[in-house]
Amino acid sequence: MGDTLGVAVVGFGWMGRVHTQAYARVRHHYPRLPLRPELVAVADEVPGRAEEAAERFGFASAVRDWREVAADPRVRAVSVTAPNFLHREIGVAMAEAGKHLWIEKPVGLTAEDARAVADAVAAAGVRSAVGFNYRNAPAVETARELIASGEIGTVTHVRVRLFSDYAAHPQGALTWRYERERGGSGVLGDLASHGADLARFLLGDITSLVADTAIFVPERARPAGATAGHALAAGGEPGRVENEDYVNCLLRFASGARGVLEACRVSVGEQNSYGFEVHGTRGAVFWDFRRMNELGVCRGDRYQDQPVSTVYVGPGDGEFGAFQPGAANAMGYDDLKVIEAYRFLRSVAEDRPLGATVTDAVRSAAVLDAMLSSVRAGGWVPVEG
């Protein structure tokens with residue numbers, strides 16, 4: 001059955017549940033995985049939430065204070081799925097306690113926060129994983145291979161988009177997500193962090209950029225009590241939205257390619273409209289998260305009027321074979337987190353990095369910091385490593 005690895009989840013909103021279910025499923029999809037995760041502890045400060053999670057999913061213990069998880073010798077690995085403003089404190093503490101760390105992006109509010117966690121992970125000699133789940137889609141990994149192999153020629157430009165409507169309702173509650181101190185840079189940390197990672201994953205390092213941001217819903221109602229997700233709060237005391245609803249950014253890559261990255265959390269009519277279009281000198285590749293298992297591929301030697309084919313990923317593409325037996329059988333969002341759990345647990349077992357790590361989080365956060373610097377400066381700025 002392999003060795004047992006005691007795991008804990010800190011913060012049990014939607015993402016905490018997703019991590020928990022990934023731990024529960026991972027051995028079914030990867031029966032040869034050398035580590036078997038055991039649900040030891042769950043922590044959440046909201047009264048009753050941790051106890052409910054323990055009862056539903058089988059955690060051995062439930063606590064209010066995450067510091068009890070850090071001190072628990074049964075716990076060897078921790079998923080940090082608490083709000084962004086807590087990522088640095090919790091991530092550093094868990095690493096210093098010798099816990100391997102699976103932490104959700106953007107790993108704090110700034111690149112400085114992400115570097116603090118990365119430094120703690122390196123000093124402790126523990127392994128890390130970061131929730132850049134879209135890079136785990138087999139179609140995205142196939143796109144990266146097509147690009148690297150030269151199938152579409154030399155890449156000239158890319159467009160990455162991340163549009164959603166989760167904050168579009170004007171009566172959406174003014175939660176921590178909309179505060180600068182606790183929610184950081186708004187849609188930059190929430191969605192553009194994924195875009196920065198996807199752009200780097202596909203094309204390599206970003207060297208400079210120019211950005212513009214906006215707040216389109218400037219005021220929201222304060223909730224009366226604890227909230228989960230993106231609840232409404234009609235009639236509550238109004239308060240100011242402090243961070244960004246929208247960002248648009250021009251990118252320059254070390255390769256010489258150019259790019260556009262655009263993200264918005266208030267796009268009415270858009271639900272998880274995430275994807276990319278990569279163009280090269282001989283072809284192009286297209287991906288839309290809502291059709292996650294498909295790629296649009298254009299390649300050949302016609303250049304003009306060259307057709308685009310729809311390619312369905314299948315066994316042999318990324319980790320598809322661990323979930324479905326044949327091409328065009330659909331995978332879903334939660335499957336990407338199972339892949340993430342698998343790579344995290346393998347990295348612990350083999351003591352080597354696999355998948356996205358805190359180093360990738362630092363590089364993504366550096367892009368986000370550069371976006372904010374560009375807005376303040378009103379022009380192009382370098383992306384600091």
Side-chain angles (χ1 to χ4, degrees), residues 1-13 15-27 30 32-83 85-104 107-108 113-114 116-131 337-338 340-355 357-358 361:
M1 291 291 292
D3 293 335
T4 297
L5 183 77
V7 301
V9 175
V10 174
F12 209 83
M15 190 52 65
R17 177 179 59 77
V18 172
H19 276 232
T20 301
Q21 291 176 164
Y23 284 130
R25 292 177 55 198
V26 67
R27 290 280 298 199
Y30 298 96
R32 293 185 178 86
L33 184 66
L35 284 176
R36 178 170 57 86
E38 180 183 5
L39 299 177
V40 170
V42 57
D44 196 292
E45 65 177 10
V46 176
R49 186 178 286 176
E51 290 79 6
E52 181 183 354
E55 181 178 357
R56 180 176 177 185
F57 293 99
F59 288 94
S61 59
V63 298
R64 292 276 300 275
D65 191 340
W66 59 262
R67 294 168 185 82
E68 295 184 47
V69 172
D72 191 334
R74 301 172 300 165
V75 176
R76 295 173 56 200
V78 178
S79 281
V80 177
T81 55
F85 65 92
L86 296 171
H87 285 191
R88 175 174 180 165
E89 181 183 11
I90 298 175
V92 168
M94 293 302 174
E96 290 178 344
K99 318 295 188 187
H100 303 288
L101 193 64
W102 181 9
I103 186 168
E104 275 304 314
V107 188
D113 287 349
V117 177
D119 289 346
V121 164
V126 295
R127 289 295 157 197
S128 69
V130 175
K337 295 310 245 188
V338 175
E340 209 164 272
Y342 165 65
R343 289 174 173 165
F344 173 50
L345 295 168
R346 268 193 64 195
S347 76
V348 173
E350 300 173 14
D351 195 26
R352 64 187 181 98
L354 284 169
T357 69
V358 287

Q: Give, for atom OG1 of T4 and atom CG of L35, the distance between the pair rounded to the nearest 0.5 Å.
A: 8.5 Å
Q: Which heavy atom in V42 sits nearest to a heavy atom in A50, and how many Å separate them?
A: CG1-O, 3.4 Å
Q: V107 pairs by side chain to side chain contact (heavy atoms under 4.5 Å, CB included) with which of V80, L101, V117?
A: V117
Q: Would you mind checking if E89 and R67 are paired as a salt bridge, meaning a charged N to carboxylate O distance below 4.0 Å?
A: yes
Q: Can you name the closest pair of heavy atoms from G6 and V40 and give their distance?
A: CA-CG2, 3.6 Å
Q: For salt bridge (charged side-chain N to carboxylate O under 4.0 Å, His left out), just list the numbers for R127 and D351, CA-CA rounded to whole Å, side-chain angles, deciding distance to a tenth of an Å, and then say yes or no.
A: CA-CA 7 Å; R127 289 295 157 197; D351 195 26; 3.2 Å; yes
Q: Looking at V26 and P37, what are the two nearest heavy atoms and their distance?
A: CG1-CG, 3.8 Å
Q: Taking the ring centre of each residue, are F57 and F12 less than 6.0 Å apart?
A: yes
Q: Could you check whether E340 and H19, counting side-chain N and O atoms only, form a donor-acceptor pair closer than 3.5 Å?
A: no
Q: Set out, in order, the CA-CA distance, both residues' side-chain angles and the distance that settles salt bridge (charged side-chain N to carboxylate O under 4.0 Å, His left out) for E104 and K337, then state yes or no.
A: CA-CA 11 Å; E104 275 304 314; K337 295 310 245 188; 2.8 Å; yes
Q: Indicate yes or no: does R49 engage E52 in a salt bridge with an N to O separation below 4.0 Å.
A: no
Q: Looking only at the side chains, is there a donor atom on one of S61 and R74 sitting less than 3.5 Å from an acceptor on the other?
A: yes
Q: Are any non-hydrogen side-chain atoms of V7 and L39 less than 4.5 angstrom apart?
A: yes
Q: Could you tell me the separation between the OG atom of S79 and the CE atom of M94, rounded to the nearest 0.5 Å?
A: 10.5 Å
Q: When you measure from the side chain of T357 to the backbone N and O of A129, does any donor-acceptor pair fall under 3.5 Å?
A: no
Q: So does G16 get a backbone contact from the side chain of T20, meaning a donor-acceptor N/O pair under 3.5 Å?
A: yes
Q: Keeping R64 on the side-chain end and E45 on the backbone end, is there a donor-acceptor pair under 3.5 Å?
A: yes
Q: What are the two closest heavy atoms between K99 and A70, and how far apart are they?
A: CE-O, 3.2 Å
Q: Please check this pair: side chain of T81 against backbone of V10, looking for a donor-acceptor N/O pair closer than 3.5 Å.
A: yes
Q: First locate atom CG of L345, then atom CG of D3, and finally report the distance between them rounded to the nearest 0.5 Å.
A: 12.0 Å
Q: How long is the straight-line distance from CG of D44 back to CG of D65, given to the nearest 0.5 Å?
A: 11.5 Å
Q: If every non-hydrogen atom of V75 is compared with every non-hydrogen atom of A8, which pair is closest and at what distance?
A: CG1-CB, 3.8 Å
Q: How far apart are the closest heavy atoms of V121 and A95, and which atoms are they?
A: N-CB, 3.9 Å
Q: What distance separates Y23 OH from F344 CZ, expressed to the nearest 0.5 Å?
A: 5.0 Å
